[in-house]
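This report refers to the structure that appears directly beneath it.
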Amino acid sequence: MAKKLTPRSQDFSQWYNQLIQEADLAEHSPVKGCMVIKPYGYAIWEQMQSTLDKMFKETGHVNAYFPLFIPKSFLSKEAQHVEGFAKECAVVTHYRLKNSPDNKGVVIDPEAKLEEELIIRPTSETIIWSTYKNWVQSYRDLPLLINQWANVVRWEMRTRIFLRTAEFLWQEGHTAHATQEEAIQETLKMLDVYFTFAEQYMALPVIKGVKTQNERFAGAVETYCIEAIMQDGKALQAGTSHFLGQNFPKAFDVKFLTKENKWEYAWATSWGVSTRLVGALIMAHSDDEGLILPPQLAPYQVVIIPIHKSEQEYQKVTQQCEAIAQELKKVNIRYKIDARKEHTPGWKYAEYELKGVPLRIAIGPRDVENNTIEIARRDTKTKQVISTDNLIHIIQNLLQDVQDSIYQKALHFRNSMTTRVDNFKDFESVLNDKGGFIEAHWDGTTETELKIKELTKATIRCIPLDSPQEEGRCVYSGKKSTQRVLFALNY
RNA sequence: CGGGAUGUGGCGCAGCCCGGUAGCGCACUUGCUUGGGGUGCAAGAGGUCGUGGGUUCAAAUCCCGCCAUCCCGACCA
């Protein structure tokens, strides 16, 4: 092996950065915090997109597109919201450039100053609710179930490729409902969609929970989330779903007439996941040899590599590769044949391991004669020679097996990295020595939460939805508590 | 946005302390060779030394500003 990644155990973030570079996922752009998503990285995002998009549509949502630019004044209509985002907004002030007087470039044309500055959306609640105002008049117009795929900009001080970039891609759902109950149901329904997507497609075990007041989305009444643990023991928020109450409808005056002919404000939700999920996928499953992708999201589920010496062998072997590919195609398995002559098979093995392709098929002259193939799993690095009889069935099973076993592996890891703690000394030592999720009692106050954060850098990732009621004492203050919450260091 | 480190061909690095006109490995091109775990040999091509100033006869090298990346902190998906 010529190329070696820095081992995870030695330097996790260096491993992460190198993996992204070597697997050809993304690279930095000249602007701080921005990334170029390269074709292979984007292909993973496209898999996520198409899966989620289908799930959104199955739950009754439709796509639309709202503009990138938001009038500055819109942002300030919801008090909490502006406070949350003001510090990280990019602002457009002019609409024209001109040649500089010394002819050495371009300068902003001072004549072309905008009357009202435009914010580049950090999220679209304001522009969307200002639009919904015109769309909602009667209870018959509700619910409004709209999603958009878009880019947003948040001017981050400290960036990390995929996990926190200044510009990122995401989807944001924005729904309007006639009743509070329906909006809450929608919020939870979409949380479930994210949960299913994470668990079944990303093979990523996640905890459903609700955010504390302190961690809540600016402008939300309640923020729900799914939280995952990464291989270095840090938590990552993988998706959020907000019940927005009537905050935005009131700020933007979105009212409707009920059956009883009375005016009421609509009830709102919003929910989103972003390209951050690509980072989550990398950090959850991959190893020191490279990426490990769950078959459900891998751009190629199977790579086929012909092995040959003479031209005659090449013809024979690639013909067999093509025949098998046709079978894969029939059952919608995503595949790639790499018949390039400029690289040896060994080189290609290493390459596709780096890129995390779940299954690798190698076919050589001996295989053609014997009607066999060699098939190797990326996750376990095991390989076997099997007959081409019943091949598709075996591959389908293997793909399912890889999907299941990387999920199980991640689940075992999370379980082993979840520690129940009942005093602050243990809290600190577990956090320092081991990391991961800490289940502990908390007295419910922001004051205690902030104090713990100040002392340990750990935050409350969520109050798990399925966490049982249990009498206890706050791990920090010793005050009474009825439920454990999840603490962790986080991305 | 504060503290620290770094920036030399696509990638990884040496050269900088002690100024004299840029080198190594991988990758790339061509040819032969090899091909079931990153083949081997030979010949080639490729660099505004992040960027803008300054010092100097002369700057990758010394000084200052800026930009970006990485790590730490404050902030945040």
Side-chain angles (χ1 to χ4, degrees), chain A residues 1-6 11-18 21-22 24 27-35 83-89 104-105 122-123 152-170 172 211 214-218 220 223 225-228 235-242 270-277 279-280 289-290 305-311 313-314 317 339-354 360-368 370 372-376 381 383 385 453-454 457 459 461 490-491:
Chain A
M1 302 251 166
K3 270 181 198 161
K4 266 281 183 194
L5 299 174
T6 300
D11 186 338
F12 193 79
S13 63
Q14 194 172 32
W15 166 83
Y16 176 80
N17 287 328
Q18 278 177 5
Q21 185 185 25
E22 296 298 332
D24 241 2
E27 61 188 44
H28 291 286
S29 87
V31 178
K32 181 179 170 65
C34 291
M35 62 176 165
E83 201 180 307
F85 283 105
K87 291 177 297 248
E88 51 190 36
C89 285
K104 278 186 179 165
T123 178
V152 287
V153 169
R154 297 180 188 174
W155 213 261
E156 297 290 346
M157 292 295 116
R158 197 168 170 182
T159 58
R160 208 142 155 38
I161 209 156
F162 283 121
L163 298 178
R164 175 165 288 107
T165 45
E167 179 193 11
F168 55 93
L169 306 183
W170 77 347
E172 46 181 326
K211 289 289 187 189
N214 182 245
E215 297 274 332
R216 196 177 287 159
F217 172 74
T223 290
C225 61
I226 51 173
E227 293 280 333
L236 183 99
Q237 179 176 308
T240 50
S241 185
H242 313 289
S270 68
W271 27 274
V273 298
S274 72
T275 36
R276 168 176 253 208
L277 289 183
E289 266 72 56
I305 298 170
I307 295 161
H308 51 81
K309 289 186 185 143
S310 64
E311 181 60 27
E313 277 180 1
Y314 178 79
V317 166
R340 287 178 296 173
K341 288 178 175 174
E342 60 263 37
H343 294 297
T344 59
W347 189 93
K348 291 176 188 172
Y349 296 171
E351 177 73 5
Y352 292 105
E353 274 161 18
L354 205 43
R360 179 187 77 227
I361 291 175
I363 300 172
R366 285 204 301 271
D367 293 309
V368 177
N370 305 335
T372 56
I373 58 154
E374 181 195 85
I375 189 157
K381 306 252 309 208
K383 51 186 173 185
V385 175
K453 183 179 178 186
E454 184 192 324
K457 290 186 224 164
T459 52
R461 298 324 304 148
N490 73 296
Y491 278 99

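Order of the sequence lines sets the chain letters (A, B, ...), proteins ahead of strands, with each chain counted from 1. Atoms considered below: every heavy atom in the structure, side chains included; atoms not considered: hydrogens, waters and symmetry mates.
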- Task: Calculate the interatomic distance between A:Arg360 atom CZ and B:rG36 atom P; express it in whole Å.
- Result: 12 Å
- Separation of atom CG in A:Leu163 from atom P in B:rC70, rounded to whole Å: 11 Å
- Determine which nucleotide pairs with B:rC17, using a 3.5 Å limit on both distances of a Watson-Crick or G-U wobble pair. none
- Message: Any base atoms under 4.0 Å from A:Lys348, or only sugar-phosphate, or nothing? Heavy atoms, all strands.
- Response: nothing
- Message: Measuring from the side chain of A:Arg276 (C-beta onward, heavy atoms only), which nucleotide among B:rC71, B:rA77, B:rC11 has the closest atom?
- Response: B:rA77
Pairwise N/O distances under 3.5 Å, protein to nucleotides 29-31 of chain B:
none

- Item | Pairing partner of B:rG44 (Watson-Crick or G-U wobble, both distances under 3.5 Å) | B:rC28
- Query: Between B:rC11, B:rG35, B:rG38, which nucleotide has the shortest distance from any of its atoms to the side chain of A:Leu354?
  - Reply: B:rG38
- Note on the structure: Those residues at least two apart in sequence (or on a different chain) that pass salt bridge (Lys or Arg N to Asp or Glu O under 4.0 Å) with A:Glu27 are A:Lys38
- Message: Do the side chains of A:Lys211 and A:Glu227 get close enough for a salt bridge, i.e. N-O under 4.0 angstrom?
- Response: yes
- P gap between B:rG15 and B:rU6, integer Å: 12 Å
- Message: Need one value for A:Gly33: base, sugar-phosphate or nothing, where a base atom within 4.0 Å counts as base even if backbone is also close, heavy atoms only.
- Response: sugar-phosphate
- Message: Using a heavy-atom cut-off of 4.0 Å across all strands, would you classify A:Leu236 as base, sugar-phosphate, or nothing?
- Response: nothing
- Residue whose closest nucleotide on RNA chain B lies nearer the 5' end, A:Gln237 versus A:Ala376: A:Ala376
- Is the closest side-chain heavy-atom distance between A:Met35 and A:Phe162 below 4.5 Å? yes
- Rounded to the nearest angstrom, tell me the gap between atom NZ in A:Lys381 and atom P in B:rG37. 13 Å
Atom pairs, protein N/O to nucleotides 73-75 of chain B N/O, distance under 3.5 Å:
unit_1, atom_1, unit_2, atom_2, d
B:rG73, OP1, A:Lys457, NZ, 2.1
B:rG73, N7, A:Arg158, NH1, 3.3

- Query: So, does the side chain of A:Lys383 form a donor-acceptor pair with the base of B:rG37 at under 3.5 Å?
  - Reply: yes
- How do A:Tyr491 and A:Ser310 order along RNA chain B: which one's closest nucleotide is nearer the 5' end? A:Ser310
- Message: Can you tell me which nucleotide in B:rG35, B:rG37, B:rU69 comes closest to the side chain of A:Lys32?
- Response: B:rU69
- Message: For A:Arg154, is there an ion pair with A:Glu167 - N to carboxylate O distance below 4.0 angstrom?
- Response: no
- Item | Under-3.5 Å donor-acceptor pair between A:Glu374 side chain and B:rG37 base | no
- Item | Pairwise P distance for B:rU29 and B:rG20, with rounding to whole Å | 35 Å
- Task: Compare side-chain N and O positions of A:Ser13 against OP1 and OP2 of B:rC70 and report whether any pair is under 4.0 Å apart.
- Result: no
- Which of B:rC11, B:rA77, B:rG35 is nearest the side chain of A:Arg154? It is B:rA77
- Query: Using atom P of each nucleotide, how far apart are B:rG46 and B:rU30 to the nearest Å?
  - Reply: 16 Å
- Query: Say you draw a straight line from OG1 of A:Thr123 to CZ of A:Phe217; how long is it, rounded to the nearest 0.5 Å?
  - Reply: 4.5 Å
- Item | Closest listed nucleotide, where the reference is the side chain of A:Gln21 and the choices are B:rG37, B:rG12, B:rA77 | B:rG12
- Query: OP1 or OP2 of B:rG36 less than 4.0 angstrom from a side-chain nitrogen or oxygen of A:His308, does that happen here?
  - Reply: no
- Query: Short question: side chain of A:Lys381, backbone of A:Glu353 - any donor-acceptor pair under 3.5 Å?
  - Reply: no
- Look at atom CH2 of A:Trp170 and say whether more than 12 heavy atoms of other residues, nucleotides or ligands are closer to it than 6.0 Å. yes
- Message: So A:Thr165, base contact, sugar-phosphate only, or nothing? Heavy-atom distance under 4.0 Å.
- Response: base
- Query: With a non-hydrogen cut-off below 4.0 angstrom, is A:Asp367 in contact with a base, only sugar-phosphate, or nothing?
  - Reply: base
